[in-house]
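From a predicted model like this one, the values you see are computed outputs, not experimental measurements.
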Amino acid sequence: MNRLISGWRGDPRIWRRGIVLAALAVVLALVMLLHARVPNTIGNLGSLTETFLPWLGLLVPVLFLLAVVRRSATALIALILPVAVWLNLFGGLLTDKTGSGGDLTVATHNVNADNPDPAGTARDVAASGADVLALEELKASVVPVYEKALAPTYKYHSVQGTVGLWSKYPMSGVRAVDIKLGWTRAMRASVTTPQGPVAFYVAHMPSVRVKLKAGFTARQRDTSADALGEAIADEKLPRKVLLGDLNGTMNDRSLNGVTSQMRSTQGAAGNGFGFSWPASFPMARIDQIMVKGVEPVSSWTLPATGSDHLPVAARVNLDTSS
């Protein structure tokens with residue numbers, strides 16, 4: 001360290017070297033700060049950037065090492081900008097906001113249509129203690145397996161298309177929700193909890209792809225997200241819970257129709273980023289639990305199952321009068 005510092009002393013070039021690195025640090029800070037301005041007109045580049053926005057922070061230590069090797073004081077000072085922006089955007093997720101108590105535990109899991117062990121997956125998520133459980137990507141031929149495995153824990157359930165809801169409490173008003181796909185990948189049900197009725201929505205947004213020629217193909221997902229947002233906005237019950245695989249993060253502007261009116265339990269009461277996909281190396285939280293008129297108490301990811309997604313769960317307080 002002494003040799004490193006002594007090599008910088010009396011060297012006026014430490015301010016002239018590394019101008020390009022300093023410029024890159026400023027550009028990185030601007031991309032993170034103004035991510036909502038990155039256009040979606042070319043390959044949905046804005047949504048792609050927002051999906052993996054937290055990972056841009058990994059460029060900071062890379063630039064730091066290059067600045068040290070280059071012996072550039074200018075580049076090191078410029079790095080303060082992206083560090084400050086990243087901490088402003090995501091620093092709150094690094095703290096543990098988990099509380100205690102709550103009235104209801106909910107969970108959601110994209111079980112993967114090609115899951116090699118559906119019965120084991122069902123038992124694993126039921127063991128989480130969830131009072132209400134949502135499953136997505138249910139293959140019709142395997143639905144009976146999930147129904148049989150979950151029957152001892154959940155007295156009530158309904159499957160609509162490829163999504164389903166299991167509950168320990170009575171359900172009513174069950175119906176499919178049209179998210180403009182031509183087939184059913186979303187549903188709504190009212191669950192009569194001990195604290196009163198709560199509207200539950202289960203949704204599996206269309207998949208997105210990153211293609212060399214087409215970029216981030218998410219147009220169908222975006223249309224479905226807008227339709228889901230309209231359905232939730234029209235809901236008459238004041239307490240609402242959304243469970244599902246939205247194929248997008250809370251930062252993705254294309255989900256504003258939903259995210260603008262609901263809170264993420266992970267953001268409000270989680271510990272860390274809560275990445276859920278892919279299960280082998282989670283890089284994004286695209287499996288969401290969101291609430292309105294309900295207070296999040298805690299939120300977490302569950303251990304891996306036979307799916308390529310991790311299950312996510314949350315504990316919520318339904319009595320918000322205090």
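- Checking each of Val174, Thr162, Val159 against Met187 for a side chain to side chain contact (heavy atoms under 4.5 Å, CB included) leaves exactly one that passes, namely Val174.
- Judged purely by distance below 3.5 Å, without hydrogens or angles, the side chains of Ser307 and Asn115 never pair a donor atom with an acceptor atom.
- Among residue pairs with one or both ends in residues 87-100, those qualifying as side-chain hydrogen bond (donor to acceptor under 3.5 Å, both in side chains) are Asp96-Thr98; sequence neighbours excluded.
- Judged by distance alone, with hydrogens and angles left aside, the side-chain atoms of Gln261 form a donor-acceptor pair with the main-chain N or O of Gly229 at under 3.5 Å.
- Contacts of Asp114 classified as salt bridge (Lys or Arg N to Asp or Glu O under 4.0 Å), with partners at least two apart in sequence or in another chain: Lys139.
- Although no hydrogens or angles enter the test, the distance criterion places no donor-acceptor pair under 3.5 Å between the side chain of Gln195 and the main chain of Asn317.
- Aromatic ring pairs are classed by plane angle as parallel below 30°, tilted from 30° to 60° and perpendicular above 60°; the pair Phe90 and Trp86 is tilted.
- With Thr74 as the fixed residue, the side chain to side chain contact (heavy atoms under 4.5 Å, CB included) test singles out one of Leu21, Ile19, Leu79: Ile19.
- Every pair passing salt bridge (Lys or Arg N to Asp or Glu O under 4.0 Å) that includes a residue from residues 256-280 is listed here, sequence neighbours excluded: Arg263-Glu295.
- Using modelled atom types, one finds a donor on one side chain and an acceptor on the other under 3.5 Å when comparing Thr305 with His109.
- Remark: the backbone N or O of Met205 is paired with a side-chain donor or acceptor of Arg185 at under 3.5 angstrom.
- Closest non-hydrogen pair, Asp131 versus Tyr154, comes out as O-CE2, 3.7 Å.
- In this structure Trp300 satisfies the ring-ring contact (aromatic ring centres under 6.0 Å, His included) test with no other residue, sequence neighbours excluded.
- Ionic pairing of Asp287 and Arg285 is not present here: no N-O contact between side-chain nitrogen and carboxylate oxygen is shorter than 4.0 angstrom.
- Legend: residues meeting salt bridge (Lys or Arg N to Asp or Glu O under 4.0 Å) with Glu136, ordered by chain and number and at least two apart, are absent.
- When the shell of 6.0 Å around CH2 of Trp277 is examined, it contains 12 or fewer heavy atoms from other residues, nucleotides or ligands.
- Ring orientation note: the planes of Trp55 and Phe281 are tilted relative to one another, at an angle of 30° to 60°.
- Looking at Thr301, its side chain never comes within 3.5 Å of a backbone N or O of Gly274 through a donor-acceptor pair.
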query = Does the side chain to side chain contact (heavy atoms under 4.5 Å, CB included) test come out yes or no for Leu243 and Tyr201, once each step is laid out?
reply = CA-CA 6 Å; Leu243 306 168; Tyr201 284 79; over 6 Å; no

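- Partners of Glu235 under the salt bridge (Lys or Arg N to Asp or Glu O under 4.0 Å) rule, at least two apart in sequence or in another chain, are Arg188.
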